[in-house]
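Remarks on the structure that follows.
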Amino acid sequence: MSDARSHPHTVYLIRHGETVDNLAGVYAGVTNSALTNHGVLQGERLGQYFARQGVVFTHFYASDLSRAKRTAENIRKFQVTGDDAPAIVVCPDLQEQDFGFYEGRTFYARSPDSKKTGKALHRAAHQNEEGFQDIETKESMAKRADSYLDEHLISVLQGAPSDHQYIVCIVSHGIMLSSLWKAILRRQLPNTVTLDQEAIIAGKPLALEHLGGFSNTGYLRLEFEKREDNVKSQVANTETPLAEAVISSELPSYAKDTVAEASADDNALSDVQTVLDSAATSLPTDLPEVREGPKSTKDVKFRILVKVINGKEHLKGLKRTGGGVGSSMYDEGQKSIETFFKKRRTRS
């Protein structure tokens with residue numbers, strides 16, 4: 001009998017490349033926002049990085065919004081399998097949060113005399129006005145995340161032959177990826193999710209539910225290992241907040257006492273995305289009750305190891321092209337963004 005432990009499945013949760021609205025500070029949840037030239041380069045760099053690392057994907061999934069699809073295409077085209085690489089499965093459930101009234105509008109600044117965000121203050125002032133469409137709720141996003149997991153990722157991993165290792169690429173959006181990660185955690189129990197010591201940033205307090213934001217083309221790398229049936233069953237304390245329950249026993253002591261909230265707005269600038277709130281806060285108790293969690297370990301199908309948080313190795317040395325070119329909208333007519341820049345340097 002083959003050892004299931006020797007064939008963990010690897011899943012990459014990847015945020016799309018930089019868009020024109022990211023730079024402009026504009027809310028573009030379900031609005032199609034074009035990649036910048038720099039954003040295309042980010043995706044191509046990631047595709048090249050995976051190829052050099054020998055990462056051969058068995059499955060590709062992407063949001064149906066153009067910025068995510070294009071990023072997935074830029075990763076796929078560098079696969080060593082070439083045209084034989086798996087087709088990208090487009091999933092509307094992976095769309096970003098719908099910002100409703102705020103779609104296409106610039107960010108509202110936080111008032112210096114209020115703890116609420118500018119968006120929250122504006123919402124309170126205008127939510128009763130005619131034509132106001134509220135922002136999509138966390139519960140709605142959680143349901144979409146569960147739908148994607150049930151129909152695609154979890155069903156695929158559960159159906160994998162014991163001697164196969166699946167490597168899955170999922171390209172989505174900052175806030176949706178955070179919601180997807182939380183949906184994965186809701187299916188787990190204590191000690192079935194662990195954090196690789198190499199993934200911990202010294203001095204950064206965190207909990208598994210709040211791993212920080214996603215930079216453009218930043219990725220969360222997870223390993224899913226099928227659990228053996230002979231593991232002793234243990235009942236979950238249903239009164240314990242899930243975020244607290246899934247904190248790994250392997251985490252350093254500071255991580256068990258505090259949590260760092262991430263700035264996860266899909267439209268925030270790349271550097272802002274990775275900033276953690278240094279103030280320690282209590283663990284949340286208001287997680288959306290979308291899917292009932294497992295009652296015992298026999299209901300948990302996988303052990304999950306968090307290997308990389310917001311991976312950005314592929315972006316080392318990548319500089320934005322000057323003269324406004326890097327920040328400009330990518331021209332779909334260009335055969336290759338790198339070829340475009342090479343020609344530009346030759347002419348200058």
Side-chain angles (χ1 to χ4, degrees), residues 13 15-16 18-34 62-68 91-149 170-186 209-216 242-243 259-270 272-277 281 284-291:
L13 305 185
R15 186 182 176 218
H16 61 76
E18 177 192 86
T19 70
V20 293
D21 285 337
N22 288 154
L23 289 182
V26 171
Y27 290 109
V30 296
T31 302
N32 270 317
S33 179
S63 156
D64 60 345
L65 295 174
S66 61
R67 56 193 184 272
C91 302
D93 280 333
L94 292 176
Q95 275 192 6
E96 181 56 303
Q97 183 178 27
D98 185 344
F99 290 115
F101 174 82
Y102 301 95
E103 288 283 332
R105 298 173 184 265
T106 55
F107 297 159
Y108 290 90
R110 181 190 296 270
S111 173
D113 58 351
S114 175
K115 294 183 179 181
K116 293 185 177 180
T117 64
K119 185 170 61 176
L121 289 172
H122 186 275
R123 176 182 180 277
H126 298 278
Q127 61 183 333
N128 295 323
E129 294 180 3
E130 184 178 355
F132 183 88
Q133 180 185 345
D134 211 344
I135 299 170
E136 181 181 9
T137 65
K138 292 181 179 179
E139 289 79 6
S140 172
M141 296 186 70
K143 289 179 181 178
R144 288 200 283 118
D146 278 331
S147 175
Y148 167 76
L149 293 175
I170 302 170
V171 184
S172 183
H173 312 264
I175 301 176
M176 187 60 207
L177 287 173
S178 294
S179 182
L180 184 61
W181 170 233
K182 291 176 183 178
I184 291 172
L185 290 183
R186 280 195 296 273
E209 191 189 350
H210 298 279
L211 296 179
F214 287 80
S215 299
N216 289 120
L242 179 67
V259 57
E261 294 286 353
S263 171
D265 273 354
D266 184 51
N267 310 95
L269 297 178
S270 301
V272 177
Q273 285 281 332
T274 61
V275 176
L276 298 177
D277 183 354
T281 61
T285 58
D286 59 345
L287 293 177
E289 297 181 1
V290 176
R291 177 188 174 93

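Worth knowing before you read on, the calculation uses all heavy atoms, side chains too, and leaves out hydrogens, waters and symmetry mates.
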### Query
Is the closest basic N to carboxylate O distance between Arg186 and Asp146 below 4.0 Å?
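The answer is yes: the pair qualifies as a salt bridge.
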Gap separating the [atom1] atom of [X] from the [atom2] atom of [Y], nearest 0.5 angstrom:
X: Leu180; Y: Leu94; atom1: CG; atom2: CG; value: 6.5 Å
X: Ser178; Y: His173; atom1: OG; atom2: NE2; value: 12.5 Å
X: Ser33; Y: Glu18; atom1: OG; atom2: CD; value: 9.5 Å
X: Lys182; Y: Glu209; atom1: NZ; atom2: CD; value: 4.5 Å
X: Ser63; Y: Arg15; atom1: OG; atom2: CZ; value: 12.5 Å
X: Leu13; Y: Leu211; atom1: CG; atom2: CG; value: 10.0 Å

What are the two closest non-hydrogen atoms of [X] and [Y], and how far apart are they?
X: Gly29; Y: Phe99; answer: N-CD1, 3.3 Å
X: Ala62; Y: Ala68; answer: CB-O, 4.1 Å
X: Ile175; Y: Met141; answer: CG2-CE, 3.7 Å
X: Ala183; Y: Ala145; answer: CB-CB, 3.7 Å
X: Asp93; Y: Tyr148; answer: OD2-N, 3.9 Å

Applying side-chain contact (heavy atoms from CB on, under 4.5 Å), can you list everything that pairs with [X], at least two apart in sequence or on another chain?
X: Asp98; value: Val30, Glu103, Gln133, Glu136
X: Thr137; value: Glu139, Ser140
X: Ser66; value: Asn32

### Message
Below 30° counts as parallel, above 60° as perpendicular, anything between as tilted: where do the rings of Phe132 and Tyr102 land?
### Response
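Judged by the thresholds at 30° and 60°, the geometry between Phe132 and Tyr102 is perpendicular.
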### Query
Hey, does the side chain of Thr31 reach the backbone of Gly104 with a donor-acceptor pair shorter than 3.5 angstrom?
no
### Task
Before giving the answer on side chain to side chain contact (heavy atoms under 4.5 Å, CB included), spell out for Gln95 and Met176 the whole-Å C-alpha distance, their side-chain angles and the decisive distance to 0.1 Å.
CA-CA 7 Å; Gln95 275 192 6; Met176 187 60 207; over 6 Å; no
### Task
Before giving the answer on side chain to side chain contact (heavy atoms under 4.5 Å, CB included), spell out for Thr19 and Asn216 the whole-Å C-alpha distance, their side-chain angles and the decisive distance to 0.1 Å.
CA-CA 9 Å; Thr19 70; Asn216 289 120; 5.8 Å; no
### Message
So Glu96 and His16, do their side chains get closer than 4.5 Å, heavy atoms only?
### Response
no
